[in-house]
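Some notes on the structure that comes next.
The chains referred to below are lettered A, B, ... by the order of the sequence lines, with proteins before strands, and numbering in each begins at 1. Note that the coordinates shown come from a computational prediction; the quantities given were computed from them, not determined experimentally.
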Protein chains: 2
Amino acid sequence: MLDDRKAAILRAVVSEYIETAQPVGSQHVARQPGLAVSPATVRNEMAVLERDGYLVQPHTSAGRIPTDKGYRFFVDHLSAPGPLDPAKRQQVRDFFKAAHGEIERMLADTSRLLANVTDYAAVVVGPPHEAAHIRSVQLVGLAPKVALVVAVLSNGVVEKRTLELTEEAGEERLAAVGRHVSAHLVGRTLAEPGTPPSSGDDATDALVSQALSSLIEHEVESDSVFVGGASRMARAFDAVDTVRGILGILEEQFVVVGLLQDVLDRGLSVAIGAEHGLEPLSECAVVVAPYEVEGERAGTIGVLGPTRMNYPEAMAAVAVVSQRLGRHLSEG
Amino acid sequence: MLDDRKAAILRAVVSEYIETAQPVGSQHVARQPGLAVSPATVRNEMAVLERDGYLVQPHTSAGRIPTDKGYRFFVDHLSAPGPLDPAKRQQVRDFFKAAHGEIERMLADTSRLLANVTDYAAVVVGPPHEAAHIRSVQLVGLAPKVALVVAVLSNGVVEKRTLELTEEAGEERLAAVGRHVSAHLVGRTLAEPGTPPSSGDDATDALVSQALSSLIEHEVESDSVFVGGASRMARAFDAVDTVRGILGILEEQFVVVGLLQDVLDRGLSVAIGAEHGLEPLSECAVVVAPYEVEGERAGTIGVLGPTRMNYPEAMAAVAVVSQRLGRHLSEG
DNA sequence: GTTAGCACTCGGTAGAATCGAGTGCCAGGA
DNA sequence: TCCTGGCACTCGATTCTACCGAGTGCTAAC
């Protein structure tokens, strides 16, 4: 553990580096109000902090930069979560006051909001589809031998699957199958669909089971993910290769979901640099928070920025948005 | 118009510049087989080409670079559309052989395919929702005073809207309204919904018209757009500001749709640099093609790359993918 | 009309000089 | 024992110079 003065010095270095992106020297730190200490003393302390892995020098005769460990200590012990800037707070409030419409658009807009507020890339993961209760199932013919299974979930999500039929089926038959599946499935979840009772008609039963299995398979990968403001990563780094790597990751939805999930699973709200395993994101930090709908954990939102991101602000923004998003969705 | 030799020189400059991204000098051009001419002659010709606006020199004593006008002449007169590289052709074939599932995922995957094949960013615009025939409409209750209108279109698209009800409505009433709307709307399009006949029940009629208006409004902006491989733009440019501008554009879906639409409307299949009005894309070119489903123009695909992109290959890829996508969607 | 020859331009690279922010260490003082 | 002023030292960044060479435009001869 760090004594008070070392902690204060570390905080000063991190804060200043976050602002300026330049290595921080002992003079700057010593100027910090509240630290009545000479640069020489600061230097000694910084040497210790470096030995202990909280800081590094890009090269001799340069100032210090925080390591991942340094950032970690900063977010864990030195940064008050703090309230969000009032103007931004208002921006969030206004957004949710005006927000309406169906859930996917809502979530996509939320990711853009979060990106605007924080000025980093933002991710919103929708509620897992398996958990929601099924409200209705319907079969609709699209072509002679193609039908669409449409399932409406209680959270407003609509799942659909195309069905390749082995033989033509008229509207009536599809409707009948739909009613049959619906009667069985309504109130259940996609995760536990159970086995529907036989209808006494082999052809119908075959279609029913086909529709059912189409609905429940491929479930995992279909969690909805929305990435907003990815272009902001181009501002955060000036190495074009770094940017490309990061954008590449953000394009792979299931990687992004996995990343957020993984961070949450480890009980963290912030993952810094190498803490999340993704190599291209080694210069990035993620701030995440779950949101709850009607008391149940429903999904996750997060912000992705450079490790030298403004953690207090990002954490505040993520907290506010996740809370308001949950409330908004709870109200329907 | 350019005489044969000037055209050949222009072609050589464009080809070489596309490959190397370096200004092309007279020696390189003269080495070109098929041009039995000395560097000095080439220099004279290049001076003329520069005077006429086809080439520029980044600075005195450098080679020449094509202007937008130069690229334009190249794609209009000098580049054979040419067949796609066999391996890539196969890649496209394999993709569509394996492809299945519902339409949005299909389109999103197609955008990734096109990005992979061309190594540029790719855009796929789905069929306009207004044009498709309605196959089914249904109302599903989500909360006491919230209902979801779900409309299934003939092309497999599902439109949904949340409805804020002024008073509670039971399942039976919602179902009745759904049947009423459905009976009226099936076979029509969202663009021409007509006016449903009165059901003789005021409360039902109110809900019907509410459902109807929710479906037809906000129509324009809901065309589905899928952008794939945006991260590849980071490879094409090394100015990080340029990259950011381009990514910013790609994040605004309706701008992208407008861009492609605009290019098509002007009867072009390629738009270069300033030809499309978007300032951040002044260093980019777009190659577009419509695709047809069952003989009808259904949507658009496109590729976005630097102006020094490989036009023949991009055009070939876009042509092949649009054609196969149309065929695939026609077959259902 | 084409080409060889030539003087000229100018971006890019390499090397030297300089600057200055920052360091580590030491010795003196509270 | 801990802090601090002083000092020599480091080394990236910046500036300047020299130089190279790819490329040009022009002219005169073929």
Seminar exercise, completed: The correct set of residues in residues 35-56 of chain A placing a heavy atom under 4.0 Å from DNA chain D is A/V37, A/S38, A/A40, A/T41, A/R43, A/N44
For this session: Using five base pairs at each end, measure the axis-to-axis angle across the helix from C/dG1-D/dC30 to C/dA30-D/dT1 and round it to 10 degrees.
Result: 20°
Exercise. How would you give the extent of chain B contacts on DNA chain C, as first and last nucleotide 5' to 3' within a 4.0 Å heavy-atom cut-off?
Worked result: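 Using the under 4.0 Å cut-off, the span is C/dT2 to C/dG11.
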Just the atom pairs and distances: protein N or O near nucleotides 13-16 of chain D's N or O, under 3.5 Å.
none

Exercise. Of all of residues 4-29 of chain A, which get a heavy atom below 4.0 angstrom from DNA chain C, listed by number?
Worked result: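 Close to the strand are A/G25, A/S26, A/H28.
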Do [X] and [Y] make a side-chain contact, defined as non-hydrogen atoms from C-beta onward lying under 4.5 Å apart?
| X | Y | result |
| --- | --- | --- |
| A/P312 | A/F74 | yes |
| B/V227 | B/Q253 | no |
| B/E45 | B/L10 | no |

Problem set entry | Residue pairs passing the side chain to side chain donor-acceptor pair (under 3.5 Å) test where at least one lies in residues 51-70 of chain A, sequence neighbours excluded |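 As it turns out, the side chain to side chain donor-acceptor pair (under 3.5 Å) pairs with a partner in residues 51-70 of chain A, which skip direct neighbours, are A/E50-A/R64.
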Problem set entry | Candidate pair A/Y311 and A/V14, rule side chain to side chain contact (heavy atoms under 4.5 Å, CB included), full reasoning | CA-CA 10 Å; A/Y311 291 98; A/V14 173; 5.6 Å; no
For this session: Calculate the interatomic distance between B/I65 atom CD1 and D/dA22 atom P; express it in whole Å.
Result: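 B/I65 atom CD1 is separated from D/dA22 atom P by 18 Å.
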Problem set entry | With sequence neighbours excluded, residues passing salt bridge (charged side-chain N to carboxylate O under 4.0 Å, His left out) with B/D4 | none
Exercise. Going by the salt bridge (Lys or Arg N to Asp or Glu O under 4.0 Å) test, which pairs reach into residues 300-320 of chain A, not counting sequence neighbours?
Worked result: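 Applying salt bridge (Lys or Arg N to Asp or Glu O under 4.0 Å) to every pair that reaches into residues 300-320 of chain A, excluding sequence neighbours, yields A/K88-A/E313.
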Exercise. How would you list all residue pairs meeting salt bridge (Lys or Arg N to Asp or Glu O under 4.0 Å) that involve residues 11-38 of chain B, not counting sequence neighbours?
Worked result: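 Counting only pairs at least two positions apart or across chains, no salt bridge (Lys or Arg N to Asp or Glu O under 4.0 Å) contact touches residues 11-38 of chain B.
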Could you give the side-chain donor-acceptor pairs of residues 230-246 of chain B under 3.5 Å, partners two or more places apart or in another chain?
from: B/S231; atom 1: OG; to: A/E251; atom 2: OE2; distance (Å): 3.4
from: B/R232; atom 1: NH1; to: B/D119; atom 2: OD1; distance (Å): 2.6
from: B/R232; atom 1: NH2; to: B/N116; atom 2: OD1; distance (Å): 2.7

Exercise. D/dT10 base to A/S61 side chain: any donor-acceptor pair below 3.5 Å?
Worked result: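 For A/S61, whose side chain was compared with the base of D/dT10, there is a donor-acceptor pair (under 3.5 Å).
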Problem set entry | Polar side-chain atom of A/S15 near backbone of A/A12 as donor-acceptor pair, under 3.5 Å | no
Seminar exercise, completed: Quick note, ring pair (Phe, Tyr, Trp, His ring centres under 6.0 Å) partners involving residues 14-45 of chain B, not counting sequence neighbours, are none
Identify every side-chain donor-acceptor pair in residues 258-270 of chain B under 3.5 Å, counting partners at least two apart or on other chains, and give the distances.
from: B/Q261; atom 1: NE2; to: B/D265; atom 2: OD1; distance (Å): 3.2
from: B/R266; atom 1: NH1; to: B/E275; atom 2: O; distance (Å): 3.3
from: B/R266; atom 1: NH2; to: B/E275; atom 2: O; distance (Å): 2.7

Problem set entry | Check against side chain to side chain contact (heavy atoms under 4.5 Å, CB included), A/M46 and A/V13 | CA-CA 10 Å; A/M46 293 211 296; A/V13 172; 4.1 Å; yes
For this session: Begin from the C-alpha positions of A/S38 and A/T41 and carry the test side chain to side chain contact (heavy atoms under 4.5 Å, CB included) through to its verdict.
Result: CA-CA 5 Å; A/S38 78; A/T41 308; 3.2 Å; yes
For this session: Please test A/V321 against A/F95 for side chain to side chain contact (heavy atoms under 4.5 Å, CB included), starting from the C-alpha separation and ending with a verdict.
Result: CA-CA 10 Å; A/V321 171; A/F95 171 82; over 6 Å; no
